[in-house]
Number of protein chains: 2
Amino acid sequence: MNIAEVAKAAGLPAKTIRYYEDIGLIQPKRSENGYRAFAESDLHKLAFVGRARSLGFSIVECRALLALYEDRARASGDVKALAVTHLVQIRAKIVELRAMEATLADLVQACNGDHRPDCPILRGLSQPVSGDSQ
Amino acid sequence: MNIAEVAKAAGLPAKTIRYYEDIGLIQPKRSENGYRAFAESDLHKLAFVGRARSLGFSIVECRALLALYEDRARASGDVKALAVTHLVQIRAKIVELRAMEATLADLVQACNGDHRPDCPILRGLSQPVSGDSQ
DNA sequence: CTTGACGTTCCTGTCACTGGAACCCCCATA
DNA sequence: TATGGGGGTTCCAGTGACAGGAACGTCAAG
């Protein structure tokens, strides 16, 4: 398989696949003409990584997941530990974003949004955050 | 004021403040010895930007907010439009993260996390996502 | 033989900083 | 007067995960 076919099958841009080879996530063979010649196993790995990325795993984590995936003697506990760590990070990010959302929604709601200069949003940004005393 | 004092007051690292000068967010004067000499107005701007950044606004957005902040003839509608756009992005990000969280939580829950190699998490990552048919 | 779609490498840019090296300035103390 | 330490300065490189684009090679069809 050439790169375009694999890209379509794995749902990844060709650029990304070349990048993944660059950093050693996959090692496709080469045809005589110099083109990358992907095996089924390469495609599977790419799709695997694509799905892991879409769940927010970093490249480093994907590398570890891939190693576990290929290791038939792995312990599922190791996989779970990785996933739980990531899940905790996702949840922390959600909490952070929800705090931002709440504050910003308050400010937006207080602002008339008309042609006049008076603006609670700018006032809010120009004053110390409430609860900043600690 | 020297940079350390401003950094403390604004709650930003000195490195960040130098960077903000680099990209033109602030233009502090210089003392004869070459040190940055911050005015109160510089401090206010830095604190303003710091708070906007903590609400997730990008530097580009902060620059626009700062311009509106300094423009006494601004329309609050312009500020609100910026804030609403950003709020929409935050909410979209939250939705995305919640989807990740749900999928990942399912996988984690299905995994025993023991010493054996059988692992629903890896199985989930190695199979097409359900609902991928469209 | 040409054309156009594919493939290749390599370099640069993104975003918002952070770390570090190499150097300068100021004040206090021995 | 030397020196030591804690400021300050500039500039360069690295981060993460690619994306854009230039310049060039390859292949199949007409």
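Protein chains get the first letters and strands the later ones, always in sequence-line order, with residue 1 at the start of each.
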Nucleotide nearest B:Ile3 (side chain, heavy atoms from C-beta), chosen from D:dC11, D:dC18, D:dG8: D:dG8
Any side-chain heavy-atom pair of A:Arg36 and A:Val6 under 4.5 Å: no
Charged N-O contact under 4.0 Å between B:Asp118 and B:Arg116: no
Set of residues satisfying ring pair (Phe, Tyr, Trp, His ring centres under 6.0 Å) with respect to A:Phe57, sequence neighbours excluded: A:His86
Side chain to side chain donor-acceptor pair (under 3.5 Å) partners of B:Thr103, counting only residues at least two apart: none
Residue mapping more 5' on DNA chain C - nearest nucleotide basis, B:Val60 or B:Lys15: B:Val60
Please set out all donor-acceptor pairs under 3.5 angstrom arising from side-chain atoms of residues 61-70 of chain B, sequence neighbours excluded.
unit_1, atom_1, unit_2, atom_2, d
B:Glu61, OE1, B:Ser58, N, 2.8
B:Glu61, OE1, B:Ser58, OG, 3.4
B:Arg63, NH1, B:Ile23, O, 2.9
B:Arg63, NH2, B:Ile23, O, 3.1

For atom CZ of A:Arg53 and atom P of D:dG16, their distance in whole Å: 11 Å
B:Asp114 and A:Ser76: side chain donor to acceptor below 3.5 Å: yes
Length of the line joining B:Asn2:CG and D:dG6:P, which is rounded to integer Å: 17 Å
Nucleotide range of DNA chain C lying under 4.0 Å from chain B heavy atoms: C:dA16 to C:dC26
Toward the 5' end of DNA chain C, by each residue's nearest nucleotide, B:Pro13 or A:Ala14: A:Ala14
Considering all heavy atoms, the nearest A:Ala105-B:Arg91 contact: CB-NH2, 3.8 Å
Test item: B:Thr85 and B:Gln89 side chains (from C-beta on) under 4.5 Å apart, heavy atoms: yes
Positions of residues 86-99 of chain B (non-hydrogen atom under 4.0 Å from DNA chain C), listed by number: none
Any side-chain heavy-atom pair of A:Ile26 and A:Phe38 under 4.5 Å: yes
Approximate separation, where rounding is to 0.5 Å, of A:Leu97 CG and B:Glu96 CD: 10.0 Å
Sub-4.5 Å side-chain heavy-atom contact between B:Leu125 and A:Leu55: yes
Rounded distance (Å) that lies between atom C1' of D:dG16 and atom CD of A:Glu61: 12 Å
Of residues 21-46 of chain A, the positions that come close to DNA chain C - non-hydrogen atoms, cut-off under 4.0 Å: A:Arg30, A:Gly34, A:Tyr35, A:Arg36
Spacing of A:Phe57 atom CZ relative to D:dG16 atom C1', expressed in whole Å: 17 Å
